[in-house]
> 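The structure that follows is given in the form of structure tokens.
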Amino acid sequence: MDRRKFITALIGGSALSVYALNRLNAAVYQSIVTLNQKYMKDNAPDGIYWNALGDHFIFQDGLIMMNNGTVGPMPDPVFNTLIKYFKVQATNPYDCYSFFPTKKEEVRVKLAKFINADPDEVAINRNTTEGMSLVANGLDLKEGDEVLISSHEHPAGIHPWKLKEKRYGIKVKEVPLGAPPKSVDEIVNAFKNAISPRTKVISISHTVYLTGLISPVKELSELAHEHDIFLLADSAHGIGMLDLDVKKLGIDVLASSPYKWLGAPTGCGLLYVRKEVQDRIWPSIASSGWDTHKNARRFETLGQRADPLILALGEAIDFQNVIGKRRIERRVKTLAGYLKKELKSIPKVRLHTSTDLYLSGGLTAFSIEGVSPNQIVNYLREKYNIVIRTIGRERDNTHGVRVSTHVYISFKHVDMLLEGVNYLARHGA
Ligand SMILES: Cc1ncc(COP(=O)(O)O)c(C=O)c1O
């Protein structure tokens with residue numbers, strides 16, 4: 001087959017399996033569109049709508065996945081697209097590069113629209129860790145300059161700054177956060193009080209892995225910019241869980257991992273860099289383009305990539321778009337709200353997550369007096385096949401377990417978890 005025919009075959013879908021995978025995806029979207037039409041007038045559609053949606057995720061039979069940390073699951077269309085493009089690449093690794101770059105730019109445009117950014121502000125990198133490191137490495141800071149981080153940062157938000165501290169003599173200052181904090185003011189004032197004339201950066205988790213706090217990054221951005229301070233947000237869990245709007249948040253940089261809540265495959269990340277601050281960050285990895293791209297593309301000259309992952313990221317955005325990201329955030333918070341309300345009524349349970357809808361999302365952390373986090377995780381897995389994870393540390397009262405409530409979780413699943421927690425709180429492990 002000559003080159004033109006090959007491409008026509010791929011795009012047109014006449015290669016059987018590619019065609020079949022496209023058909024499968026079309027059927028999934030058709031079913032969601034039909035559901036949308038049926039439940040359009042229902043503000044918080046439950047039951048049939050969400051159960052039907054849950055059926056479009058790839059899960060082992062009976063597995064109840066209530067952990068979106070590390071890696072979350074993929075919806076069927078994303079998996080199909082991933083397979084499709086790996087197949088395309090494997091069968092002709094040369095000709096596919098006549099259209100992969102264009103497709104990748106289409107993904108950038110989708111991703112930018114999804115978070116309300118300009119495509120020139122979006123770098124598609126590999127993960128949050130890489131994004132946080134790139135910014136820490138790339139900002140020009142002098143000995144004695146200060147970076148404020150919260151006391152609840154993920155290692156990916158601590159170590160890039162610790163490395164810079166050791167290498168260049170900057171100072172990393174920790175601002176204590178409550179578990180949970182009581183209000184937006186409590187958090188903003190803690191940062192306000194920590195600012196000094198040497199403070200150059202605030203680097204904070206938007207989605208706090210220990211407690212499930214959604215930090216008030218909008219208010220922190222305003223505070224930072226009043227003092228000419230750079231604000232970097234680690235929103236590893238944000239994309240796909242929250243209705244993200246980077247312009248509303250006003251941040252300079254946001255790093256996220258779309259394989260936690262967005263359903264993308266592992267290995268593709270989002271780095272949003274506001275246009276106005278791009279020339280303040282040096283790229284860390286350099287190939288051609290690092291100095292000629294006058295946009296966020298200069299932060300992703302990473303050499304050859306696993307491009308099918310990036311193309312499948314585009315499918316993950318399509319999948320969430322057909323549901324609606326506002327609707328997704330609402331569902332995620334509705335489930336988490338119910339879980340938190342019920343947990344609060346169980347004796348010996350301590351909630352580590354705020355019940356304030358503005359300061360929380362789909363991550364709920366808690367502990368049970370007299371029952372270890374490992375015992376909770378093991379009991380729920382053995383009895384119900386529910387997957388949650390241990391989290392936190394004794395020293396700041398965050399030691400416990402963490403539960404994710406994404407859209408494929410139903411109230412019935414939450415009730416199963418609550419039944420288990422109730423049993424453990426009353427009888428021990
Ligand atoms: C808040 C936070 N930041 C950063 C990371 C690191 O994410 P990744 O390994 O995808 O870079 C995680 C991982 O769960 C996280 O929860």
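Whatever order the structure lists ligands and atoms in, that order sets their numbers, starting from 1.
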> Does Glu329 pair with Arg326 as a salt bridge, N-O distance under 4.0 Å?
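Result for this pair is no, no salt bridge flagged.
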
> Could you list, one pair per line, each nitrogen or oxygen of ligand 1 together with any protein nitrogen or oxygen closer than 3.5 Å, giving atom names and the distance rounded to 0.1 Å?
unit_1: ligand 1; atom_1: 3 (N); unit_2: Asp234; atom_2: OD1; d: 3.0
unit_1: ligand 1; atom_1: 3 (N); unit_2: Asp234; atom_2: OD2; d: 2.6
unit_1: ligand 1; atom_1: 10 (O); unit_2: Ser257; atom_2: OG; d: 2.7
unit_1: ligand 1; atom_1: 10 (O); unit_2: Tyr259; atom_2: OH; d: 2.5
unit_1: ligand 1; atom_1: 10 (O); unit_2: Lys260; atom_2: NZ; d: 3.4
unit_1: ligand 1; atom_1: 11 (O); unit_2: Thr128; atom_2: N; d: 3.3
unit_1: ligand 1; atom_1: 11 (O); unit_2: Thr129; atom_2: N; d: 2.9
unit_1: ligand 1; atom_1: 11 (O); unit_2: Thr129; atom_2: OG1; d: 2.6
unit_1: ligand 1; atom_1: 14 (O); unit_2: Lys260; atom_2: NZ; d: 3.2
unit_1: ligand 1; atom_1: 16 (O); unit_2: His237; atom_2: NE2; d: 3.0

> Taking salt bridge (charged side-chain N to carboxylate O under 4.0 Å, His left out) as the criterion, tell me which of Asp118, Asp120, Asp252 meets it with Lys275.
Asp118

> For the pair Lys294 and Asp279, find out whether any cationic side-chain nitrogen is under 4.0 Å from an anionic carboxylate oxygen.
no

> Hey, is Glu143 close enough to Arg167 for a salt bridge, meaning N to O under 4.0 Å?
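So Glu143 does not pair with Arg167 through a salt bridge.
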
> Between Phe319 and Phe57 (judged by ring centroids, cut-off 6.0 Å), do the two rings come close enough to count as a pair?
yes

> Would you call Glu300-Lys104 a salt bridge at under 4.0 Å N-O?
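Result for this pair is yes, salt bridge flagged.
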
